[in-house]
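Please read these numbers as outputs of a predicted model, since none were measured by experiment. Only this structure's heavy atoms are used, side chains among them; waters, hydrogens and symmetry mates stay out.
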Amino acid sequence: MTLPISLLFLGVVFATSVLSGVFGMAGGLVLLGFLLAWLPAATAIAVHGVIQLSANASRAWLSRHFIDWRIVGGIAVGVVIAALALALVRYHPSETVVLIVLGLMPVLVWIPKRWFHLDVSRPGHAVLCGVVSGGLTIAVGVSGPTIDIGFIRTHLDRRTVVASKASIQVIAHSLKIVFYWQAAAAMGAQEWGWVLLGLPLAFLGTRSGNLILNRLSDGGFRTWTRWIVTVVGGYYLVRGLAGL
């Protein structure tokens with residue numbers, strides 16, 4: 001990795017951590033797309049997992065008083081089930097498939113809420129949400145709006161949603177790193193040095209995003225989230241289709 005690319009990587013880590021700190025998911029989508037531009041799919045997902053683990057862990061810590069642990073526990077069970085299922089079929093990611101799935105994810109934010117009947121405050125629904133979002137996190141790197149489907153029918157405020165999602169993502173990204181450990185081990189010491197250098201930037205970006213989140217209304221939070229992930233998803237869809 002050349003010096004200009006390395007510096008750009010650090011800038012992207014900080015900027016995407018700010019996005020994630022505000023909206024809970026948009027930053028992860030952008031970061032993964034950047035990593036896919038210069039790393040094989042499995043390695044990109046592994047590196048993404050390390051950065052996002054740091055960002056989500058810091059976000060969960062900063063918002064720890066708002067975490068709903070009962071919901072987190074139920075979804076975590078589903079995430080583990082998904083990880084075991086993918087391990088049994090010996091899943092290996094394809095860059096083209098990953099990009100197309102990332103591009104299609106934003107469709108979910110435009111589907112009317114009345115179409116969804118998942119409520120993560122109910123244990124069975126929380127597990128199902130974990131299976132879907134956790135499976136996607138490991139299979140394509142991010143869960144995108146899928147995890148939000150389970151929160152649509154709850155009455156949690158934006159801080160509890162972001163804090164609980166961050167805790168769930170800590171678990172999902174940890175499993176993702178374990179799942180792709182062989183691809184991660186293939187990277188050189190210099191490349192991992194830049195990745196480790198990005199971890200404190202992920203924390204700083206998350207902290208900055210958290211300050212912005214406190215200034216947003218619940219309505220503004222949902223509107224901005226919808227449009228940002230749609231624009232990013234459109235880019236990935238075009239890029240993925242071009243690779244077919």
Side-chain angles (χ1 to χ4, degrees), residues 19-29 49 52-53 55-86 101-102 104-176 206 209-210 213-214 216-226 228-229 233:
L19 272 178
S20 290
V22 179
F23 303 108
M25 64 177 170
L29 283 169
Q52 287 293 290
L53 175 61
N56 280 284
S58 60
R59 184 159 65 250
W61 174 255
L62 291 171
S63 305
R64 60 191 180 279
H65 300 300
F66 298 100
I67 298 172
D68 189 317
W69 289 108
R70 184 175 59 85
I71 290 175
V72 170
I75 296 178
V77 171
V79 174
V80 171
I81 291 172
L84 291 174
L86 289 169
V101 173
L102 292 179
L104 292 174
M105 277 186 184
V107 172
L108 295 173
V109 302
W110 295 100
I111 296 177
K113 292 181 180 180
R114 65 179 180 277
W115 290 18
F116 297 121
H117 299 282
L118 287 181
D119 180 349
V120 292
S121 62
R122 301 171 63 180
H125 289 197
V127 173
L128 179 58
C129 182
V131 170
V132 175
S133 63
L136 283 170
T137 297
I138 296 171
V140 300
V142 296
S143 59
T146 57
I147 196 170
D148 290 314
I149 293 174
F151 284 89
I152 285 175
R153 290 186 177 275
T154 67
H155 298 287
L156 306 173
D157 70 23
R158 65 193 183 284
R159 291 167 297 185
T160 301
V161 171
V162 170
S164 300
K165 282 171 56 181
S167 302
I168 294 159
Q169 294 289 55
V170 167
I171 298 168
H173 288 302
S174 297
L175 290 174
K176 185 172 73 175
T206 298
N210 191 259
L213 174 66
N214 291 330
L216 279 178
S217 65
D218 285 339
F221 168 75
R222 291 183 173 85
T223 299
W224 276 103
T225 300
R226 177 179 292 184
I228 289 173
V229 298

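Residues satisfying the side chain to side chain contact (heavy atoms under 4.5 Å, CB included) test with Ser167, not counting sequence neighbours, are Ala60, Ile67, Trp69, Val72. In this structure Ala76 satisfies the side chain to side chain contact (heavy atoms under 4.5 Å, CB included) test together with Ile171, sequence neighbours excluded.
Using a 4.5 Å cut-off on side-chain heavy atoms (C-beta onward), Asp68 and Val120 make no contact. Looking at Lys165 and Ser143, their side chains never come closer than 4.5 Å, going by heavy atoms from C-beta outward.
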Item to complete: Please step through side-chain contact (heavy atoms from CB on, under 4.5 Å) for the pair Gln52 and Val142, ending with a clear verdict.
Response: CA-CA 10 Å; Gln52 287 293 290; Val142 296; 5.9 Å; no
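Contact between His173 and Asn56 at its shortest, heavy atoms only, is CD2-ND2, 3.6 Å. In terms of heavy atoms, Ser164 sits closest to Phe66 at OG-O, 4.2 Å. Nearest heavy atom pair, residue Ala83 against residue Ile138, reads CB-CD1, 3.4 Å. Pairing each heavy atom of Ala172 with each of Val79, the nearest pair is CA-CG1, 3.9 Å. Smallest separation of non-hydrogen atoms from Ser121 and Asp119: OG-OD1, 2.5 Å.
Between atom CD1 of residue Ile81 and atom CG of residue Leu86 there is a gap of 12.0 Å, rounded to the nearest 0.5 Å. Residue His125 holds its NE2 atom at 12.5 Å from CD1 of Ile71, rounded to the nearest 0.5 Å. Considering CD1 of Ile168 and CD1 of Ile147, their distance stands at 4.0 Å, rounded to 0.5 Å. We find the OG1-NE2 distance between Thr160 and His65 to be 12.5 Å, quoted to the nearest 0.5 Å.
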Output side-chain donor-acceptor pairs under 3.5 Å for residues 130-137, partner residues at least two apart or in another chain, one line each.
residue: Ser133; atom: OG; partner: Cys129; partner atom: O; Å: 2.8
residue: Thr137; atom: OG1; partner: Ser133; partner atom: O; Å: 2.9

